[in-house]
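Quick notes on the structure that follows.
Computation of the quantities below employed the complete heavy-atom set of this structure, encompassing side-chain atoms and omitting hydrogens, waters and symmetry-equivalent molecules. For this chain, numbers begin at 1 and follow the sequence in order. Just so it is clear, the model here is predicted, and its values are computed rather than measured.
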Amino acid sequence: MKKIESVKEFGGWLNRYEHQSKSCNCTMTFSVYLPPQAEHEKVPAVYWLSGLTCTDDNVRTKAGAQRYAAELGLALIMPDTSPRGDDVADEVERYDLGKGAGFYVNATEEPWAAHYQMYDYVTQELPELIEAEFPVIPGVCSVTGHSMGGHGALICALKNAGQYRSVSAFAPICHPMVCGWGEGCFSNYLGNNKDSWKQYDATELVKAGAKPIPLLIDHGTGDEFLSGQLYPQDLLDACEAMEFPINLRMQDDYDHSYHFISTFIGEHLKFHYNHLKA
């Protein structure tokens, strides 16, 4: 692991690292914000998963999350959204497949399977590295994210009962099996057997009996992708049918951007803090 950047913010440190990933078989980049409390004690961690076209840099420069993390005493862990490198498969003509669009699944189809193992990376390899190298409390973490990363946060929490104390999401892709983004990535990464797709779809995981976990979701009513890609009503219907507690908030006029995220990121981090400290 190599530190490539360090910036002091709000009494803590925003650091950026590179390391050789066994899961993704390439060099991966991630950022960590350590609040000032981490100088004296181990702190809980919140993992942030970013959306299509993003890297770890978007959230750390646009969301304003570090101010709240410093006040609450939370470490923020911010991985990249896909494997990177010259030998990593890509579709350069598409923003929604390949680099920047890992979709947080373990690819089974070639040429993607050699590197696109983002589910294992964010649920196993990265947490093991973080707990070994940083002052975080082992096993005390939550997960959140935006859009494709909101989808990632949901499936990570729903598929791993007990690993996270809480989960939240901004404008998540709630039912990727039925939207263009999800169909495009799943068919390439996972093949044509749609039963395998269900293992990475939050709506289908709830239908299948996923264990409840504290869940907060914000969508903006002005989001241009709301009706065609995100499908929050499908997830809400599944949760109601399975008596799965969910707090789904529709925020008037907000869009899909980091303007939306920065408005409510403090509430999301406080939500996680309450469950992490419980």
**Study point:** Beyond-backbone contact of D96 with M148, side-chain heavy atoms, under 4.5 angstrom
**Key:** no

Point to revise | Connected via hydrophobic side-chain network under 4.5 Å: L276 and L216 | key: no

Practice item. Compare every heavy atom of S82 with every heavy atom of M28, then report the nearest pair and how far apart it is. Key: CE-O, 3.5 Å

Check your understanding: Can K207 be said to sit on top of F244's aromatic six-ring, NZ or CZ under 6.0 Å from centre and within 45° of the ring axis?
Key -> no

Review point. Which of these, F260, F170, F264, Y258, sits in a ring-ring contact (aromatic ring centres under 6.0 Å, His included) with H146?
Key: Y258

Revision key, fill the gap. Test side-chain contact (heavy atoms from CB on, under 4.5 Å), reference V122, set S23, P127, P79, output is P79

**Study point:** Under 3.5 Å donor-acceptor, Y189 side chain and A113 backbone
**Key:** no

Revision key, fill the gap. Between D90 and L97, the two heavy atoms sitting closest are OD1-O, 3.8 Å

Exercise for review: Ignoring hydrogens and angles, tell me if any N or O in the side chain of Q251 forms a donor-acceptor pair with the backbone of T221 under 3.5 Å.
Suggested key: no

Point to revise | For the student: nearest non-hydrogen atoms of M78 and L14, plus distance | key: CE-CD1, 3.9 Å

Review point. Is a donor on one side and an acceptor on the other found under 3.5 Å between the side chain of Q229 and the backbone of I173?
Key: no

Revision key, fill the gap. To the nearest 0.5 Å, atom SG of C239 lies from atom CG of L215 at 6.0 Å

Point to revise | Residue pair C174, H219: steps toward the side-chain contact (heavy atoms from CB on, under 4.5 Å) verdict | key: CA-CA 11 Å; C174 295; H219 279 277; 3.8 Å; yes

Review point. Under 3.5 Å, side chain of N58 to main-chain N/O of T55, donor-acceptor pair present?
Key: yes

Check your understanding: Are V143 and V140 connected, step by step, through hydrophobic side chains (Ile, Leu, Val, Met, Phe, Trp, Tyr) whose heavy atoms are closer than 4.5 Å?
Key -> no

Practice item. Could you check whether the rings of H256 and W181 sit parallel, tilted or perpendicular, using 30° and 60° as the cut-offs? Key: tilted

**Study point:** Aromatic contact, Y68 with H268 (centres under 6.0 Å)
**Key:** no

Check your understanding: Does any donor atom in the side chain of S6 or N15 lie under 3.5 Å from an acceptor atom in the other side chain?
Key -> yes

Practice item. Would you sort out whether N160 and Y119 count as a side chain to side chain donor-acceptor pair (under 3.5 Å), showing the intermediate values? Key: CA-CA 11 Å; N160 294 278; Y119 176 76; 2.8 Å; yes

Practice item. Verify, without hydrogens or angle tests, whether Q163 (side chain) and T123 (backbone) share a donor-acceptor contact under 3.5 angstrom. Key: yes

**Study point:** Residue pairs fulfilling salt bridge (Lys or Arg N to Asp or Glu O under 4.0 Å) with at least one residue in residues 243-261, sequence neighbours excluded
**Key:** D218-R249, R249-E267

Practice item. Keeping the roles fixed (side chain from S262, backbone from G64), state whether a donor-acceptor pair exists under 3.5 Å. Key: no

**Study point:** Heavy-atom side-chain contact between P35 and E71 under 4.5 Å
**Key:** no

Practice item. Is it possible for you to say whether M1 and I77 belong to one hydrophobic cluster, with membership spreading through side-chain heavy-atom contacts below 4.5 Å? Key: yes

Practice item. For residues V32 and V136, determine if any side-chain heavy atom of one lies less than 4.5 Å from a side-chain heavy atom of the other. Key: no

Check your understanding: Would you call the rings of H151 and Y104 parallel, tilted or perpendicular if under 30° counts as parallel and over 60° as perpendicular?
Key -> tilted

Point to revise | T144 side chain to S168 backbone, donor-acceptor under 3.5 Å | key: yes

Review point. Any side-chain heavy-atom pair from H175 and L235 closer than 4.5 angstrom?
Key: no

**Study point:** ILVMFWY cluster, W13 and F10 together (side-chain gap under 4.5 Å)
**Key:** no

Point to revise | Neighbour count above 12 (heavy atom, 6.0 Å) for D87 CG | key: yes

Review point. Within the side chain of K99, is there an N or O that forms a donor-acceptor pair under 3.5 Å with the backbone of G85?
Key: yes

Point to revise | Backbone N/O of Y200 and side chain of E204: donor-acceptor pair under 3.5 Å | key: no

Review point. In terms of side-chain geometry, is the basic nitrogen of E9 or R60 positioned less than 4.0 Å from the acidic oxygen of its partner?
Key: no

Check your understanding: Are L190 and L158 co-members of a hydrophobic cluster defined by side-chain heavy atoms under 4.5 Å apart?
Key -> yes

Point to revise | Minimal non-hydrogen separation, C141 against Y47, with atom names | key: CB-CE1, 3.9 Å

Review point. Taking T27 as the fixed residue, which of R84, H19, Q20, E18 is the one that meets the side-chain hydrogen bond (donor to acceptor under 3.5 Å, both in side chains) rule?
Key: Q20

Study note, to complete from the structure: Here the side chain to side chain donor-acceptor pair (under 3.5 Å) pairs for residues 106-116, sequence neighbours left out, are N106-D120

